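Each chain gets a letter, A, B and so on, in the order the sequences are listed, and its residues count up from 1. Scope of the values below: all heavy atoms of this structure, side chains included, with no hydrogens, waters or symmetry mates. Here the structure is a predicted model, which means the values were calculated and not measured.
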Amino acid sequence: MTPLEELRHSCSHVLATAILRVFPETKLDIGPPIETGFYYDVDLDHKLTAEDLAKIEAEMQKVIAENQTFTRREVNRDEAVGIIKKIGQERYKIGRLADIPEGEAISFYQNGEFVDLCGGTHVKNTQEIKAFKLLTIAGAYHRGSERNKQLQRIYGTAFPTPAELAAYLHQIEQAKLRDHRKLGKDLKLFVIDDAVGQGLILWAPAGAVVRQELQTFIAAELRKQGYHQVFTPHIGRLELYRTSGHFPYYRDSQYPPIIERETLAQLAHEGCTCAQLANKLTEGDIDGYLLKPMNCPHHIKIYASQPHSYRDLPVRLAEFGTVYRWEQSGELNGMTRVRGFTQDDAHLFCTEDQLPQEILGCLALVKIILTTLGMSDYRVRVGLRGTDTAKYTGEPANWDKAEAACREAAKTLGMPFTEEPGEAAFYGPKIDFIIKDVIGREWQLGTVQVDYNLPQRFDLTYVGADNQPHRPVMIHRAPFGSMERFVGVLIEHFAGNFPTWLAPEQARVLPISDKVGDYAREVVARLKDAGFRVTLDEHSDKLGAKIRRTEVEKVPYALVIGGKEAEAKAVSVRSRAKGDEGVMPLDACVEKLRIEVATRALPEKRK
RNA sequence: GCCGAGCUAGCUCAGUUGGUCAGAGCGGCUGUUUCGUAAACAGCAGGUCGUCGGUUCAAAUCCGACGCUCGGCUCCA
């Protein structure tokens with residue numbers, strides 16, 4: 001354990017000590033340190049409130065003031081059971097004791113009157129805890145399983161010094177200011193309206209600009225890499241998804257099927273129950289349509305629509321395809337977890353020999369995006385199949401090949417990656433690029449997935465050099481992941497200060513008075529003609545107010561125009577990053593912006 | 001879906017123990033001002049206090065149900 005973890009872990013023991021003093025009937029589960037602090041899971045009939053938290057915190061201060069020493073004691077298993085019974089914590093601690101493998105040391109730590117089954121380690125004395133704070137109460141299932149009782153989890157954090165704690169709390173406050181849900185509203189990027197539906201994003205004009213620019217950008221890269229653009233509808237027949245496996249494997253995560261009116265009437269006539277209907281849908285006795293949960297079956301049908309020679313491969317079909325998934329209501333979150341989203345999707349059909357090269361091409365695309373946007377704080381995960389075999393389709397031999405291909409490709413990234421069993425798609429393993437949002441939650445953005453299974457399920461073939469039919473391998477990939485989630489994360493990445501090429505409004509012309517209105521309109525027209533997104537601030541405010549508004553709305557450039565500029569056919573440039581950049585000829589300004597946009601320059605650090 | 005918290009003008013929020021409590025700032029509109037690098041001045045308009053029901057002489061305020069949002073948990077092809 002690092003010293004910081006040790007401190008936090010000790011603080012969680014102090015928390016438990018205090019809870020037992022305030023609520024002696026509390027049954028304790030576990031209280032580990034975590035990345036941002038610590039928690040303790042407790043089972044208590046009384047619903048803890050914010051006031052309770054304050055009470056507990058006060059008691060913790062007393063425990064710390066009591067100058068309690070942490071002492072370790074190793075015991076054998078029988079003694080351990082005895083101790084747990086003696087302290088009346090059988091409910092969870094006996095189970096936790098059973099988790100400790102035979103042969104490993106079993107230890108208890110004691111501070112003051114509090115004794116806890118614990119592997120350690122701890123600080124020497126409670127007085128070493130100089131700065132802590134209890135943060136929130138949340139529900140958490142025992143052992144993380146929905147089938148178990150939900151306990152109350154108390155989150156807190158601790159630091160070596162009060163200054164560090166204060167800095168951390170300040171940092172949390174600052175982070176909230178760049179939350180995409182707040183900025184999305186402030187900058188009018190997107191809207192979620194309950195009348196439309198939970199988790200369904202309405203892209204307002206400003207947000208649509210950002211998305212459109214990103215799509216245009218990636219589309220150009222796709223052309224270079226030999227992709228073909230396709231378009232497919234938002235729904236497909238249920239039978240299609242029975243074949244692909246989406247319906248059987250993920251039916252609970254889909255919007256319910258759309259059933260044809262006549263079929264429904266017939267079923268009603270037969271007195272069909274809901275249970276029977278569900279059964280008929282599963283068995284394929286009746287058909288219907290599904291809002292598409294993934295684009296692959298549609299793309300597969302385009303591939304399958306004509307015979308392919310090995311000379312045609314790889315076939316790369318790309319589409320900004322919108323898909324719908326029935327995410328649990330408690331999971332929905334701004335733009336990052338939604339029920340309808342558009343993937344910058346593509347499916348590559350290739351020979352097994354071509355697979356490594358094609359994966360690399362996909363990874364390169366992801367890297368181009370991340371580099372262009374200056375996103376370097378991400379991690380890479382190779383998602384492998386887990387132990388629950390019912391979740392996956394296909395033969396183990398193919399899975400082995402696909403997993404090996406992913407692993408090899410990930411190695412070429414030249415950065416560390418983790419291999420995580422259970423994180424694969426049902427049809428194959430994947431390489432995911434994962435980024436944290438402002439409050440530390442991780443989101444999967446770009447993904448590259450290797451799939452031997454869907455080609456088999458759809459009986460896809462190509463004719464090889466031997467004039468025999470062969471099975472292609474598929475790659476599913478989405479370098480942005482979804483436009484919604486990516487833009488959500490991007491808003492936070494830039495704190496709303498988009499680079500000029502992405503900024504919804506790139507420049508705003510600020511006439512000092514309406515005496516120069518004519519020239520101001522001339523400047524706007526010139527910039528619009530050059531292809532920029534520019535507006536005119538015609539309010540009768542003083543310049544300071546106009547500049548303030550431009551700054552608050554995070555417009556990259558304010559172009560100030562007064563009598564001098566009008567006379568000289570010039571503009572006074574004030575940038576978001578540098579402030580007043582001085583007067584320059586209008587032509588020079590146009591050229592400056594043109595270069596900045598063409599090179600997709602990143603925002604300079606603000607002075 | 002589960003546990004907990006919240007919901008008052010477009011936005012951010014104030015409304016003590018139920019009784020001129022329906023308010024402020026910003027934004028918007030109108031007028032005056034014509035202004036040189038982060039907020040000119042004045043006036044006006046805007047809300048059935050999330051929804052529905054209940055308690056009460058009286059409900060933004062108390063109770064219940066529902067909806068949505070937020071923080072976690074679970075889930076995430």
Check the phosphate of C73(B) against Y155(A), side-chain N and O only, distance under 4.0 Å to OP1 or OP2. Yes or no? yes
Nearest to the I547(A) side chain among A40(B), U37(B), C68(B), which nucleotide is it? U37(B)
Across all strands, who's sitting opposite U69(B) as a Watson-Crick or G-U wobble pair, both distances under 3.5 Å? A5(B)
Check the distance between C76(B)'s C1' and E423(A)'s CD and give it to me in whole angstrom. 9 Å
Using atom CD of Q449(A) as one end and atom P of C76(B) as the other, report the distance to the nearest whole Å. 14 Å
Out of C68(B), A38(B), G72(B), minimum distance to the side chain of D194(A) belongs to C68(B)
Which listed nucleotide (C73(B), G71(B), U37(B)) is nearest to the side chain of R153(A)? C73(B)
Strand partner of A39(B), provided both Watson-Crick or wobble distances fall under 3.5 Å: none
Please state how far atom CZ in R339(A) lies from atom P in U69(B), giving the value in whole angstrom units. 9 Å
Among the nucleotides A38(B), A77(B), C3(B), which one has an atom lying closest to any side-chain atom of E551(A)? A38(B)
Residue whose nearest RNA chain B nucleotide is more 5′ - E565(A) or M294(A): E565(A)
Is R549(A) near enough to C26(B) that one of its side-chain N or O atoms lies under 4.0 angstrom from OP1 or OP2? no
With a centroid cutoff of 5.5 Å and a plane-angle limit of 30°, would you call Y250(A) stacked on A77(B)? yes
Taking G6(B) as the reference, what is the distance to G10(B) when you measure between their P atoms (whole Å, please)? 23 Å
Starting at atom CD1 of I172(A), determine the distance to atom P of C70(B), rounded to an integer number of angstrom. 18 Å
Has R441(A) got a side-chain N or O lying under 4.0 Å from the OP1 or OP2 atom of G71(B)? yes
What nucleotide, of C35(B), A77(B), G67(B), holds the atom closest to the side chain of Q254(A)? A77(B)
Kindly confirm or rule out a cation-pi arrangement of R8(A) over F38(A), judged by NZ or CZ under 6.0 Å from the six-membered ring centre and within 45° of its axis? no
So, is N148(A) close to the C73(B) phosphate, meaning a side-chain N or O under 4.0 Å from OP1 or OP2? no
On the side chain of R337(A), is there an atom forming a donor-acceptor pair with the base of C75(B) - under 3.5 Å, no angle test? yes
Could you identify the nucleotide paired to C52(B), looking across every strand shown and requiring Watson-Crick or G-U wobble geometry with both distances under 3.5 Å? G64(B)
Same-atom distance (C1') from C44(B) to U48(B), integer angstrom: 22 Å
For U33(B) and A39(B), measure between their C1' atoms and round to the nearest Å. 15 Å
For Q456(A) and E395(A), does a side-chain donor sit closer than 3.5 Å to a side-chain acceptor? yes
Partner nucleotide of A45(B) by Watson-Crick or wobble geometry (both distances under 3.5 Å): none
Check every strand shown and say whether I439(A) touches a base, only sugar-phosphate, or nothing at a heavy-atom separation below 4.0 Å. sugar-phosphate
Pair partner, C57(B) [Watson-Crick or wobble, under 3.5 Å]: G19(B)
Heavy-atom neighbours of K133(A) NZ exceed 12 at 6.0 Å: no
Report the distance from atom OG of S572(A) to atom CG of L543(A), rounding to the nearest 0.5 Å. 8.5 Å
Report which part of the nucleic acid Y427(A) touches: base, sugar-phosphate, or nothing (heavy-atom distance under 4.0 Å, all strands). sugar-phosphate
Euclidean distance, atom CZ of residue R457(A) to atom P of A77(B) [Å, nearest integer]: 16 Å
Should the pair Y324(A) and H234(A) be assigned to parallel (<30°), tilted (30 to 60°) or perpendicular (>60°) ring geometry? tilted
Spacing of L291(A) atom CG relative to A77(B) atom C1', expressed in whole Å: 16 Å
Give N333(A) one of three labels, base, sugar-phosphate or nothing, depending on what nucleic acid heavy atoms sit under 4.0 Å from its own. sugar-phosphate
With rounding to the closest Å, how many angstrom separate the C1' atoms on A9(B) and G46(B)? 6 Å
Side-chain donor-acceptor contact under 3.5 Å, D29(A) with H142(A): yes
Any donor-acceptor N or O pair under 3.5 Å, side chains Q449(A), Y427(A): yes
U69(B) P sits how many Å from L200(A) CG, rounded? 10 Å
Counting only side-chain N and O atoms of Q152(A), is one of them less than 4.0 Å from OP1 or OP2 of G4(B)? no
Whom does G25(B) pair with, Watson-Crick or G-U wobble, provided both distances fall under 3.5 Å? C11(B)
Can you confirm whether R237(A) is buried at CZ, in the sense that more than 12 heavy atoms of other residues, nucleotides or ligands lie under 6.0 Å from that atom? no
Measure from the side-chain heavy atoms of D514(A) and tell me the nearest of C75(B), U34(B), G36(B). U34(B)
Does G10(B) have OP1 or OP2 under 4.0 Å away from a side-chain N or O of K185(A)? no
Looking across every strand, which nucleic acid part, if any, lies under 4.0 Å from Q444(A) by heavy atom: base, sugar-phosphate, or nothing? nothing
Closest to side chain of T136(A), choosing from A38(B), G71(B), A40(B): G71(B)
Under 4.0 Å, heavy atoms only, any strand: does A425(A) hit a base, just the sugar-phosphate, or nothing? sugar-phosphate
Nearest-Å distance once atom C1' is located in both G23(B) and C62(B): 23 Å
U33(B) phosphate, OP1 or OP2, under 4.0 Å from S540(A) side-chain N/O: no
Mind checking G563(A) for me? I need base, sugar-phosphate or nothing, with any heavy atom below 4.0 Å counting as a touch. base
Tell me, with the steps shown, if T232(A) and E319(A) meet side-chain hydrogen bond (donor to acceptor under 3.5 Å, both in side chains). CA-CA 8 Å; T232(A) 66; E319(A) 174 182 21; 2.8 Å; yes
Side-chain N or O of R181(A) closer than 4.0 Å to phosphate OP1/OP2 of C70(B): yes
What contact category does G330(A) fall into here, base, sugar-phosphate, or nothing, at under 4.0 angstrom with non-hydrogen atoms? base
Side-chain N or O of K391(A) closer than 4.0 Å to phosphate OP1/OP2 of C76(B): yes
Proximal nucleotide (of A77(B), U34(B), G36(B)) relative to the S253(A) side chain: A77(B)
H539(A) vs G28(B): side-chain N/O to OP1/OP2 distance below 4.0 Å: yes
Any sub-3.5 Å donor-acceptor pair from R576(A)'s side-chain atoms to F498(A)'s backbone N or O? yes
Apply the syn/anti split at 90° from 0 to G46(B) and say which one it is. syn
Pairwise P distance for A40(B) and C21(B), with rounding to whole Å: 34 Å
Tell me: CG of L240(A) to C1' of A77(B), nearest whole Å? 14 Å
Just to confirm, is there a sub-4.0 Å distance from OP1 or OP2 of G1(B) to any side-chain nitrogen or oxygen of Q150(A)? no
For a quick check, tell me whether the side chain of Y141(A) and the base of G72(B) share a donor-acceptor pair closer than 3.5 Å. no
Which of the following nucleotides, A77(B), C73(B), G71(B), is nearest to the side chain of K430(A)? A77(B)
